Amino acid sequence: MTYTSFLIKYAEIAIKGKNRYVFEDALIKQMRYALKKVEGEFEVSKTQGRVHVECLSEYDYDEVVEALSRVFGITGICPVVHVKDEGFDKLAEDVIRYLEDEYKVKPICSGADISESTGKDISENIGENDKKLTFKVNCRRARKNYPMDSQEVNMAMGERILDAFPDMKVDVHNPEVLLTIEIRDECIYIYSKVIPGPGGMPVGTGGKAMLLLSGGIDSPVAGYMIAKRGVKLDAVYFHAPPYTSERAKQKVVDLARLVARYSGPIHLHVINFTDIQLEIYEKCPHDELTIIMRRYMMRIAEHIAGESECLGLITGESLGQVASQTMQSLAATNEVCTMPVYRPLIGFDKNEIIKISEKIDTYETSILPFEDCCTIFVAKHPVTKPNVNIIKRSETRLTETIDELFRKAIETDEVIVVS
Ligand code: ATP
Ligand code: MG
């Protein structure tokens, strides 16, 4: 069966009034961006208050569904069959063929044994324990001069379906198949399947934030989660050549690209952090290295975020995961920022984070074994309950050099646009 278009469902609770237009426009923009990478010609439009994708050329169904499944704001994707209006009898024939194809139900005239059904999903249950596939017809008339009203179409089509399929029955309250017949000016739409979308809010409706992106498992997931709430992402990666390699940097670029499939293009700032790290290593107590280093990462990230019109920072920190992520350590890290720091993984266990990274396809890249600058200059016994005043006192040892190193680090900013 050929689907000519896709009807896009989105949650409407949060988007009453003026916000609705902002939401829909951002959704359409993100859908167009997602479909750019799919071969074929598509038109994304809003008509009669609903968002559709019209397929104007040959296309690969799975590719389209996969691309749309990454657009935040979409709650459901309905593949639609278009048929010409050539009278009710012809429409009934089209609907019966549609149900046959879509649910592998056998019409009475074919005489086939229903238990031989090869259908998937709910159709697999048909024939088992005499279970019947339940349905309800839902007619919508955008074209009001159609000779029957919606209720008449519902009743008459329901009868035709019951006559055709002995293994279907009506359930108006909780049907397995909610068959929508939408009578429009140019043709009639038939649809019933809803492929779940990712939910969330369209990227662009919630401002922009700067993701501290390392090569690990957590930070790409953190970026994904905040993008899901409608926030556009920029990212910053601190590398420490020659202690960290080009391949480690490439891994971060690759991760940014994977996150960008959901978030849209990301400006990835790559900052050379080596001199600051060496200076901290030389001057500060080694058990405080990680905390002091993280404080400088946050300071630089906040600086770049401010210049990029970001409204917050995002990290992949999770409470208690490592020494630098205890309450005391996070307090010490946070203390250098005035910008809000979003830590969407704060209450997650590692295995919960891994599950999401597998779902969004970043896991395999994240576990590639390249070094990270945090792990190279690491103390054997880092403080787990740093005292901010003591940390501040240690940082005074950097007073003479750090401003210059900070300025130089920012000058190394290499911006890679990842899409
Ligand atoms: P991840 O899996 O994200 O690397 P992690 O468990 O290794 O997390 P840390 O190394 O302590 O945690 O880093 C905590 C957070 O700090 C990361 O999630 C990330 O947001 C940020 N971060 C750490 N290292 C870097 C880096 N080299 N460049 C940019 N951000 C970093
Ligand atoms: Mg890390």
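Just so you know, ligand 1 is whichever comes first in the structure, and atom 1 is the first atom listed for that ligand. Please read these numbers as outputs of a predicted model, since none were measured by experiment.
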Subject >> Under 3.5 Å: donor-acceptor pair, side chain of Glu352, backbone of Asp349 >> reply: yes

**OP:** To the nearest 0.5 angstrom, please state how far the CE atom of Met327 sits from the CG atom of Asn334.
**Re:** 11.5 Å

Subject >> Check: Ile217 N/O within less than 3.5 Å of ligand 1 N/O >> reply: yes

Subject >> 4.0 Å heavy-atom contact, His239 with ligand 1 >> reply: no

Original post:
So, is Pro220 polar-close to ligand 1, with some N/O to N/O distance under 3.5 Å?
Top reply: no

**OP:** Tell me whether the centres of the aromatic rings in Tyr3 and Tyr59 are closer together than 6.0 Å.
**Re:** no

Original post:
Have Tyr103 and Ser192 got a donor and an acceptor in their side chains that come within less than 3.5 Å?
Top reply: yes

Original post:
Taking atom types as modelled and ignoring hydrogens, do the side chains of Thr338 and Glu302 form a donor-acceptor contact shorter than 3.5 angstrom?
Top reply: yes

Original post:
Just checking, is any N or O donor in the side chain of Ser214 or Ser219 under 3.5 Å from an acceptor N or O on the other one?
Top reply: yes

Subject >> Residue Thr315 vicinity, atoms of ligand 1 by number, heavy atom under 4.0 Å >> reply: 20 (O)

Original post:
Do Thr134 side-chain atoms and Glu176 backbone N/O form a donor-acceptor pair below 3.5 Å?
Top reply: yes

Original post:
What do you reckon, does Gly215 have a nitrogen or oxygen under 3.5 Å from a nitrogen or oxygen of ligand 1?
Top reply: no

Subject >> Centroid separation Tyr189 to His82 less than 6.0 Å >> reply: yes

**OP:** Please determine if Asp218 has a nitrogen or oxygen closer than 3.5 Å to a nitrogen or oxygen of ligand 1.
**Re:** yes

Original post:
Looking at Gly316, which atoms of ligand 1 are within less than 4.0 Å of one of its heavy atoms?
Top reply: 17 (C), 18 (O), 20 (O)

Original post:
Going by the order shown, which atoms of ligand 1 are within less than 4.0 Å of some heavy atom of Leu213?
Top reply: 28 (N), 29 (C), 30 (N)

Subject >> Sub-4.0 Å atoms of ligand 1 with respect to non-hydrogen atoms of Ser324 >> reply: 11 (O)

Subject >> Atoms of ligand 1 close to Val236 [distance to a heavy atom under 4.0 angstrom, numbered from 1] >> reply: 29 (C)

Original post:
Do any nitrogen or oxygen atoms of Leu212 come within less than 3.5 Å of a nitrogen or oxygen of ligand 1?
Top reply: yes

